[in-house]
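As structure tokens, the structure follows; a few thoughts come after it.
Everything numeric in this text was worked out from a predicted model, so none of it was measured. All chains are named by letter (A, B, ...) in the order of the sequence lines, taking the proteins before the strands, and each is independently numbered beginning at 1.
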Amino acid sequence: MDRPIALRDTLTGERVPLDPPAAAGTVRLYYCGPTVYGDLHIGNFRTLATFDVLRRALARFGYRVQAAMNITDIDDKMIRRAAEEGVATSEVARRYEARFLEDQAAMGIAPPDRMPRATEYIEAMVEDIAHLVERGAAYAAPDGSVYFRARAYPGYGALSGQNLDAIRVGARVEPEAGKEDDLDFALWKAHRPGEPAWPSPWGPGRPGWHIECTTMAARVLGRPLDIHGGGSDLVFPHHENERAQAEALDPDPFARRWVHAGLLLMDGVKASKSLGNVGPLRELRRRYDPMAVRLFFLTAHYAHPLSWSEEAMDAARAALVRVREVATRARAHLRAIAGRAGSEAVDLALDAQVRRAVQAFDDALRDDLNAPAANAVLFDLGRTINQAVGEPELGSEALARALGTYVDLWGVLGVDVGGETAVDEDRVRRVEALVSARQAARMRRDWAEADRLRAELEAMGVVIEDTREGARWRWQTERV
RNA sequence: GGCGACGUAGCCAAGUGGUAAGGCAGAGGACUGCAAAUCCUUUAUCCCCGGUUCGAAUCCGGGCGUCGCCUCCA
């Protein structure tokens, strides 16, 4: 049970096993979080959901995990947004951070253990930048900005597989005056009028984007990171630059492996706020159950692109109903057969099927977090449970075990199957009275009365399923 | 132009050498007063052309096509 999980590493392209849980100590997981200048969209959340599933899977396999995700609360976009609104960047940051946390919770994403804000680590960044300057890895320009000498770091380009001479730099961006080389990037941006600024040995200014993650990851989690992740659009230049800075500071590897989530596509093109082809998640949340969105994310492997569409979401929505109905049906049946001892053969057969499912599920997740395969296992398990419910010799304990496993495993994938609404004994008694009244009506072939009672039950949120052994009732699964 | 990913049923999508998971949609059947659900069965020349192999969706070569990164970006 302590075989390691393997993850594909962007740097080498190889599937690299993590140390087995017993030997791994605490797994340090860092991934790039949002810039809080506006609401996040569904593409952003795909990445966050990916790392959420990774954390849950690691925990399931016995790893201790420390997860950290940055909140970028100072950058060009923050400044622009604040200027548009005529308020301080900190106000924009606070507002959108709160909205982000709300979205994150609604999506069932467990908050990372640490969520450092960039503005709270500026002194540490300045320290790191100063060290880089001392070592000659970076230099101050006349205007007070500080740049990193990209070409001086021998591994530059390795993470993204870039051939430095082929990089088209400055083709479409006006070259920044003061750089020695077009590939160099800013560690510290000199103050411009109207912008927030912090003191530094090079004059007032603010940190560049890349240094923020490097500094915070090292301070908050410590080096080396076991896993450093983010969306695959961050591979170059962001992660390439992070890696260069970090290893110029300390030549030991910054991250033992890099994991990148595939992008979400809208109409075949990357979902992107700047392209304007995607709205905020909170709008989508009004139309779709967050768990349907999670289920949609699970249809593709995390590293592959995933195309959003109404059709795909409708499919996910229908699938979610199925997922939940397995549980509500099993619970209803459990209530009906409470305490029943089944046939040993039937119970053992169910146990064995559940055990096989667990095995297949774990194998799938250990294989580069293959959630679609794990997801398929759970649909099969759902079918197994439905079959078991139709089995007259089934014992209640075996069914309870199967249901418990089903709910737990969906939980590992971040899908909340949902519990019964608060058990209201009175309501249950009323339902049961109506159900038996309807049964009696059916016995005397009084279909009108039977249908009337069914309608009454439906109005109470109860679904009747007539089976060979009589009527079974369950609470209506919420349609989403 | 450089680097990378991908092309599997009507749609979404797993599957890295041994004759194709799963979801959605469709069809047939069982069950059934009706209904709903469920269960069973069923729907694929794996983009094209070569090659390696006893055997390839899977490996190699060549096409064609799509997407990402190279610029802020999950």
In whole Å, what separates the [atom1] atom of [N] from that of [M]?
N	M	atom1	answer
G23(B)	U71(B)	C1'	38 Å
A21(B)	A9(B)	C1'	13 Å
C24(B)	U16(B)	C1'	28 Å
G1(B)	C72(B)	P	24 Å
G61(B)	C70(B)	P	28 Å
C6(B)	G15(B)	P	10 Å
G51(B)	A20(B)	P	24 Å
G18(B)	A56(B)	P	11 Å

Should [X] and [Y] count as side-chain neighbours, where that means a heavy-atom distance under 4.5 Å?
X	Y	answer
Met313(A)	Val293(A)	yes
Tyr96(A)	Thr35(A)	no
Tyr302(A)	Leu54(A)	no

Next item on the list: Report yes if at least one side-chain N or O of Lys270(A) is closer than 4.0 Å to OP1 or OP2 of A74(B); otherwise report no.
Entry: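 Checking A74(B) against Lys270(A), no side-chain N or O comes under 4.0 Å of OP1 or OP2.
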Next item on the list: Verify the contact: side-chain N or O of Arg383(A) to OP1 or OP2 of G23(B), cut-off strictly under 4.0 Å; return yes or no.
Entry: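 Result: yes.
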Just to be sure I understand the rule, does [X] reach a base, reach only the sugar-phosphate, or reach nothing, if contact means heavy atoms closer than 4.0 Å?
X	result
Arg438(A)	base
Ala271(A)	base
Arg442(A)	base
Gln162(A)	base
Leu263(A)	base
Gly268(A)	sugar-phosphate
Asn163(A)	sugar-phosphate
Gly13(A)	nothing
Val389(A)	nothing
Ala261(A)	nothing
Arg322(A)	sugar-phosphate
Leu295(A)	nothing
Ser232(A)	nothing
Leu378(A)	nothing

Next item on the list: Between Ile464(A) and Asn375(A), just flag the one whose closest nucleotide in RNA chain B comes earlier from the 5' side.
Entry: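 Nearest nucleotide further toward 5': that of Asn375(A).
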Margin query: Reading RNA chain B from 5' onward, which residue's closest nucleotide shows up sooner: Pro34(A) or Ala316(A)?
Written below: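 Looking at the nearest nucleotide for each, Ala316(A) comes out on the 5' side.
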Checklist line | Asp466(A) with Arg438(A): basic N within carboxylate O range, under 4.0 Å | finding: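 Arg438(A) and Asp466(A): salt-bridged.
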Notebook entry, point to check: Charged N to carboxylate O under 4.0 angstrom, Asp362(A) versus Arg60(A)?
Noted result: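 Yes, charged N to carboxylate O under 4.0 Å.
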Next item on the list: Return yes if a side-chain donor-acceptor contact under 3.5 Å exists between Gln359(A) and Arg356(A), otherwise no.
Entry: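 No - no donor-acceptor pair under 3.5 Å links their side chains.
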Can you identify which nucleotide, out of [options], has its nearest atom closest to the [X] side chain?
X	options	answer
Leu265(A)	A21(B), C67(B), C39(B)	C67(B)
Thr35(A)	A37(B), C24(B), A74(B)	A74(B)
Pro237(A)	A74(B), U71(B), C40(B)	U71(B)

If [N] has a Watson-Crick or G-U wobble mate with both distances under 3.5 Å, name it; if not, just say none.
N	answer
U52(B)	none
A27(B)	U41(B)
U58(B)	none
A5(B)	U66(B)

Notebook entry, point to check: If you count the non-hydrogen atoms of other residues, nucleotides and ligands that lie under 6.0 Å from CZ in Arg444(A), is the total more than 12?
Noted result: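 Counting other residues, nucleotides and ligands, CZ of Arg444(A) exceeds 12 neighbours.
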Which whole-number value in Å describes the distance from [X] [atom1] to [N] [atom2]?
X	N	atom1	atom2	answer
Phe100(A)	A74(B)	CZ	P	11 Å
Arg206(A)	C72(B)	CZ	P	13 Å
Ile385(A)	A37(B)	CD1	C1'	16 Å
Gln387(A)	A30(B)	CD	P	19 Å
Trp258(A)	G4(B)	CH2	P	18 Å
Leu40(A)	C72(B)	CG	P	19 Å
Trp410(A)	G22(B)	CH2	P	13 Å
Asp380(A)	C40(B)	CG	P	10 Å

Note to self: Distance to the ring centre below 6.0 angstrom and angle to the axis at most 45 degrees; does that hold for Arg331(A) and Trp475(A)?
What the structure shows: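 No - Arg331(A) does not lie over the ring of Trp475(A) by the 6.0 Å and 45° rule.
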Margin query: Taking 5.5 Å and 30° as the limits, would you call Phe379(A) and the base of G22(B) a stacked pair?
Written below: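 Per 5.5 Å and 30° rule: no stacking.
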Next item on the list: For the pair His238(A) and His210(A), name the ring-plane relationship: parallel under 30°, tilted 30 to 60°, perpendicular over 60°.
Entry: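 His238(A) vs His210(A) ring planes: tilted.
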Margin query: Check the orientation of Trp258(A) and His239(A). Use parallel for under 30°, tilted for 30 to 60°, and perpendicular for over 60°.
Written below: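 Tilted, since the angle between the ring planes falls between 30° and 60°.
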Margin query: In this structure, is the centre-to-centre distance between the rings of Trp410(A) and Phe379(A) below 6.0 Å?
Written below: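 Aromatic pair counts; centres sit under 6.0 Å.
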Does a distance-only test, which skips hydrogens and angles, find a donor-acceptor pair under 3.5 Å between the side chain of [X] and the base of [N]?
X	N	value
Asp451(A)	G33(B)	yes
Arg454(A)	A35(B)	yes
Asp466(A)	C34(B)	yes

Restricting both atoms to N or O, compile the protein contacts to nucleotides 13-16 of chain B shorter than 3.5 Å, with distance only.
residue: A13(B); atom: O3'; partner: Thr299(A); partner atom: O; Å: 3.4
residue: A13(B); atom: O2'; partner: Thr299(A); partner atom: O; Å: 2.9
residue: A14(B); atom: OP1; partner: His301(A); partner atom: N; Å: 2.7
residue: A14(B); atom: OP1; partner: His304(A); partner atom: ND1; Å: 3.1
residue: A14(B); atom: O3'; partner: Asn370(A); partner atom: ND2; Å: 3.1
residue: G15(B); atom: OP1; partner: Asn370(A); partner atom: ND2; Å: 3.0
residue: U16(B); atom: O4; partner: Arg8(A); partner atom: NH2; Å: 2.6
residue: U16(B); atom: O4; partner: Arg15(A); partner atom: NH2; Å: 2.2

Check: What is the minimum heavy-atom distance between Ala292(A) and Ala316(A), and which atoms define it?
Finding: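 Looking at all heavy atoms of both residues, the closest pair is O-CB, 3.4 Å.
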